[in-house]
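Keep in mind that what you see is a predicted model, and the values were worked out from it rather than measured. Numbers restart at 1 for each chain; the letters A, B, ... are given by sequence-line order, proteins then strands.
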Amino acid sequence: MSQGPELIITEKDNAARRIADILSGGSAEADRQNGVNVYKWGGKRCIGLSGHVVGVDFPPEYNDWRDVEPVELIEAPIDKHPTQENIVSTLRLLARKAGRVVIATDYDREGELIGKEAYELVREVNEAVPVDRVRFSSITENEVTDAFANPDELDFDLAAAGEARQIVDLVWGAALTRFLSLSARQLGDDFISVGRVQGPTLKLIVDREREIEAFDPEAYWELFADLEKHDGDAEGSFEAQYFYLDDDGNEAERVWDEDAAETAFEALAASSSATVDAVRRRTRTDDPPAPFNTTQFIRAAGSLGYSAQRAMSIAEDLYTAGYLTYPRTDNTVYPDDLDPRELLDSFTGTRTFGDDAQSLLDQESIEPTAGDEETTDHPPIHPTGELPSRADLTEDEWEVYELVVRRFFATVAEPATWEHLRVVAIVADDRSLKANGKRLLEPGYHAVYPYSNASESFVPDVVEGEELAVTDTSFEAKETQPPRRYGQSRLIETMEEMGIGTKATRHDVIQKLYDRGYIESDPPRPTRLARAVVEASEEFADRIVSEEMTAQLEADMQAISRGESSLAEVTEESREILESVFEGLMESGDEVGEHLQKSLKADKTVGECPDCGGDLVIRKSRQGSYFIGCDSYPDCEHTLPLPSTGKPLLLEETCEEHGLHHIKMLAGRKTFVHGCPLCKAEAADEQEDEVIGPCPDCHEEHGGELAIKRLRSGSRLVGCTRYPDCDYSLPLPRRGDIEVTDETCEDHDLPEVRITYEDGDEPWDLGCPICNYREYQAEQSESGTDLESVSGIGAKTAEKLKDAGVEDVDSLKSAEPDSLAEQVDGVGPDTVRKWQTEAD
DNA sequence: GCAAGGTC
């Protein structure tokens with residue numbers, strides 16, 4: 001038997017901590033080495049990796065995009081190198097001394113590969129140590145003890161399947177990305193990327209846009225009548241819709257012929273009564289939803305207004321804090337060792353969930369629902385039973401936490417039952433009207449899960465042959481609508497159906513499309529560049545925008561994992577296909593480049609320059625702010641300013657007077673439409689400044705006065721008439737008409753201001769501009785410097801940061817990332833940097 | 001400066 005401690009390696013720190021806790025019976029202690037947690041007890045050590053700690057890439061001599069022909073990457077060697085130095089060195093240190101190694105990474109293909117990477121790192125420093133592999137589906141006492149009592153071996157074929165994927169993805173992605181970027185001369189941060197997953201995802205969005213554009217609306221008419229029981233009971237009134245039987249004998253509501261619609265309407269309008277012809281009553285059960293996997297969680301959070309990225313970020317925080325299970329999962333079947341009663345029991349007695357938990361426990365039986373997908377790596381997302389108090393979480397975190405708790409409740413609740421009532425009535429001898437009513441008989445899971453639609457529609461009790469009064473009729477002209485754009489969660493669902501991306505990456509892929517300038521706005525809309533990339537790919541490298549590539553790769557990986565094929569065979573064949581793709585691509589490189597360049601320019605062209613007839617384009621100043629400038633600069637110096645907040649997006653709509661595209665400024669919740677930039681500038685030039693009182697900074701000395709000013713960028717402010725000698729200014733809202741009232745603020749000798757809105761919104765009495773701005777600043781300093789205002793920082797993390805001496809956003813911004821990461825558990829320097837850029 | 005997949 002070998003000497004030395006046993007070393008257990010898991011995929012992540014969280015798993016290491018929990019496994020150590022289970023195996024040690026709670027006696028394990030964390031020791032921080034190199035900034036990495038090592039859990040120790042008896043003769044054992046347990047370390048968590050951070051997913052892949054080594055990465056695949058081409059050797060450094062292939063780094064220069066100009067020097068290396070993209071096609072050369074196809075046959076270039078590929079290296080593996082550590083990407084997480086701290087973890088790798090700590091692992092080596094422990095492995096050297098280990099008497100036995102147990103790989104306990106996640107029980108899936110990528111976990112097997114991560115395990116193999118750990119195995120190779122171990123072997124580098126310790127040739128002889130025995131290495132075992134354990135597999136478990138959830139980190140519970142039973143599963144973990146069982147797995148460690150029955151160790152197995154690493155599955156090298158399965159790991160090789162994962163490695164083949166890495167190689168194929170790198171070679172195709174890097175070679176094609178470099179080719180497109182070089183051909184369009186986009187080499188900085190704005191390179192043009194394609195890949196096996198982002199390609200088909202982008203094509204999905206572009207294809208939908210093509211359908212929308214090609215859509216030819218068709219006119220149709222719908223007719224309605226209000227019917228009322230004759231007893232005069234107001235509640236007996238309901239709306240019914242006209243229908244007829246079409247050529248196939250199916251019920252149809254849409255009338256496609258205007259004359260036919262008018263004839264039918266005249267018949268309805270001339271009738272004062274209708275006779276009930278048929279009444280049908282049915283009871284329907286409505287089953288509770290399946291447990292949450294990542295996709296369904298994102299969808300549900302999406303209907304609460306969270307973006308996919310934000311929903312996942314919150315779920316990850318709640319997981320790290322111990323309140324939720326692992327949020328990246330495909331599984332929709334609870335594991336056997338989840339005891340729903342025990343979990344429900346942990347919520348009894350709590351203010352928010354106590355009554356609902358108790359009512360569920362009082363059910364005769366508890367049978368959780370199950371979805372179609374059962375996997376071996378992680379359970380569906382559910383609450384852990386460790387409960388946060390409301391004060392531990394931000395409002396968003398609490399809302400998401402409650403969603404997950406209530407979803408769990410729903411999965412163990414009873415079905416709902418509905419009564420459907422359908423009434424058909426006849427008017428004018430042979431015209432049919434129908435109404436469908438819906439009443440909730442037993443709320444079932446709806447009682448604990450308010451997110452699903454449980455709205456009723458009322459149709460009164462009527463009997464066959466009953467006479468109803470026709471009290472009103474209506475005639476609505478409508479048009480068929482183009483298909484809707486994909487929303488983020490619908491996109492993620494479709495990716496899942498197509499088998500592209502994974503539970504852990506799909507939302508990141510969408511974010512990547514935004515970052516690359518391929519999509520904008522929400523729901524995402526493709527840019528001209530995105531269309532050009534998809535068009536070029538369709539013509540020369542169809543596989544990279546087709547879901548088939550993933551399907552083929554999945555089949556190849558299956559074959560490798562079963563020993564029926566090999567990594568070398570699969571990657572060689574893939575390289576050959578790519579070679580032939582490049583043959584076509586290289587012949588037409590210039591053409592492709594031109595098309596991409598034109599599209600890039602179209603994405604930022606606002607319209608024709610009024611001075612020289614050239615193109616006005618959106619530009620970015622050295623200070624990072626956006627403005628509009630003439631493409632013929634320096635020959636033409638025409639410029640137009642843009643608002644200082646947000647990123648400009650060209651709208652399809654153009655200005656009737658100037659022909660320029662309207663502009664929308666994207667700034668998260670503060671997004672607004674700026675409109676025609678030339679109209680905005682001209683309006684500012686025409687508007688006289690309106691003096692309202694003395695300037696508090698310079699009136700006494702220089703006689704400066706405050707005036708309401710309109711800037712060419714469209715923003716409005718109260719500023720000093722001596723500008724730029726005096727730069728005193730107060731902001732005014734962007735929206736609404738500014739009205740100066742007769743009321744005066746005695747403190748500042750200024751009139752009170754009122755904002756009125758044309759769209760009928762309640763006017764806003766802003767008051768004295770100075771008082772208003774002071775109040776605004778006070779609010780900002782209360783909420784704005786709060787750490788939790790930075791996305792990605794939850795209540796728990798904020799607390800840890802405060803422990804490390806970082807009290808507010810300002811001190812976060814000035815912190816040194818590496819040393820701060822050292823002090824805060826579970827936070828790396830990159831995360832700190834991300835927060836810092838976000839806080840700016 | 002490439003991808004996609006883990007993870008924070």
Side-chain angles (χ1 to χ4, degrees), chain A residues 10-16 35-37 48-58 62-66 68 70 72-74 76 78 83-84 86-87 105-106 108-118 161-182 186-201 312-313 315-317 319-321 326-328 377-378 495 500-506 508-509 512 515-516 544 549-550 553 557 578 792-794 796-797 800 817 821 824-835:
Chain A
T10 70
E11 189 154 323
K12 42 190 169 277
D13 174 62
N14 219 299
V36 182
N37 287 329
L49 307 176
S50 184
H52 291 287
V53 292
V54 296
V56 291
D57 210 347
F58 302 109
Y62 288 84
N63 280 354
D64 194 321
W65 289 34
R66 289 170 214 271
V68 180
E72 289 178 57
L73 294 178
I74 301 176
I78 292 175
T83 50
Q84 306 269 357
N86 285 357
I87 296 175
T105 47
D106 292 354
D108 58 13
R109 185 175 59 219
E110 216 60 27
E112 208 67 21
L113 176 52
I114 291 166
K116 192 209 161 196
E117 290 160 0
E163 285 182 288
R165 180 201 57 71
Q166 288 184 318
I167 292 165
V168 169
D169 282 341
L170 175 64
V171 172
W172 279 74
L176 288 172
T177 294
R178 283 198 197 179
F179 185 91
L180 294 182
S181 304
L182 282 161
Q186 289 285 304
L187 289 187
D189 293 334
D190 297 325
F191 59 87
I192 296 171
S193 70
V194 280
R196 176 179 56 83
V197 176
Q198 54 175 286
T201 308
M312 283 310 286
S313 161
E316 279 156 18
D317 282 346
Y319 154 73
T320 315
Y326 193 63
R328 298 187 267 264
D377 51 353
H378 299 285
M495 291 169 77
I500 57 173
T502 72
K503 66 224 173 188
T505 58
R506 288 183 198 114
D508 288 332
V509 170
K512 183 175 276 182
D515 294 344
R516 294 281 190 267
I544 208 69
M549 182 166 173
T550 296
L553 188 59
M557 285 194 286
L578 185 56
I793 301 184
K796 282 272 163 181
T797 316
K800 287 195 227 165
V824 185
D825 258 13
V827 169
D830 284 344
T831 311
V832 176
R833 281 182 209 110
K834 199 179 84 191
W835 290 338

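- When rounded to the nearest whole Å, the span between CG of A/Leu182 and C1' of B/dG1 equals 11 Å.
- Candidate nucleotides B/dA3, B/dT7, B/dG1 were compared by shortest atom distance to the side chain of A/Asp64, and B/dG1 ranks first.
- Atom CD1 of A/Ile78 is separated from atom P of B/dC2 by 16 Å (rounded to the nearest Å).
- No engagement by A/Val509 is indicated, since no non-hydrogen atom pair under 4.0 Å with the nucleic acid exists.
- With respect to A/Asp108 and A/Lys503, a salt bridge is recorded, a charged nitrogen being found less than 4.0 Å from a carboxylate O.
- Counting non-hydrogen atoms under 4.0 angstrom, A/Tyr326 reaches the backbone sugars and phosphates but no base.
- Summarising the geometry, the separation between CG on A/Asp508 and P on B/dG5 is reported as 10 Å, rounded to the nearest angstrom.
- Taking atom CG of residue A/Leu578 and atom C1' of nucleotide B/dA3, one finds them 12 Å apart after rounding to whole Å.
- As judged by a 4.0 angstrom heavy-atom cut-off over every strand, A/Ser50 is placed among the base-contacting residues.
- Nearest to the side chain of A/Lys503, among B/dG6, B/dC2, B/dA4, sits B/dG6.
- With A/Gln198 as the fixed residue, the side-chain contact (heavy atoms from CB on, under 4.5 Å) test singles out one of A/Val509, A/Asp508, A/Ile500: A/Val509.
- Both A/Phe191 and A/Val54 sit near DNA chain B, but only A/Phe191 has its closest nucleotide nearer the 5' end.
- Put simply, NZ on A/Lys512 is 13 Å from C1' on B/dG6, counting in whole angstrom units.
- One can place OH of A/Tyr62 at 18 Å from C1' of B/dG1, the figure rounded to the nearest angstrom.
- Here A/Glu316 lies in heavy-atom contact (under 4.0 Å) with sugar-phosphate atoms only.
- Using a 4.0 Å heavy-atom cutoff across all strands shown, A/Arg516 reaches sugar-phosphate atoms only and no base atom.
- For A/Ser193 against B/dC2, no side-chain N or O and base N or O form a donor-acceptor pair under 3.5 Å.
- Atom C1' of nucleotide B/dG6 and atom NE2 of A/His378 are separated by 10 Å, given to the nearest angstrom.
- Neither OP1 nor OP2 of B/dA3 sits under 4.0 Å from any side-chain N or O of A/Gln166.
- Nearest to the side chain of A/Lys12, among B/dT7, B/dG6, B/dA4, sits B/dT7.
- A sub-4.0 Å separation between OP1 or OP2 of B/dG5 and a side-chain N or O of A/Arg196 is present.
- A/Asn63 comes within contact range of at least one nucleobase, with a heavy-atom separation under 4.0 Å.
- Of the residues near DNA chain B, A/Ile500 and A/Ala175, the one whose nearest nucleotide (by heavy atom distance) lies more toward the 5' end is A/Ala175.
- Taking only distance into account, the side chain of A/Asp13 never meets the base of B/dC8 through a donor-acceptor pair shorter than 3.5 Å.
- The side chain of A/Glu110 approaches B/dG5 more closely than any other nucleotide in the set B/dG5, B/dT7, B/dC8.
- Applying the side-chain hydrogen bond (donor to acceptor under 3.5 Å, both in side chains) criterion to A/Glu11, with sequence neighbours excluded, gives no partner residue.
- The separation between A/Gln186 atom CD and B/dC2 atom P is 14 Å, rounded to whole Å.
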Might you work through the side chain to side chain contact (heavy atoms under 4.5 Å, CB included) test for A/Val68 and A/Phe58, ending with a clear yes or no?
-> CA-CA 12 Å; A/Val68 180; A/Phe58 302 109; over 6 Å; no
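- Using a 4.0 Å cut-off, some side-chain N or O of A/Thr502 falls inside it from OP1 or OP2 of B/dG6.
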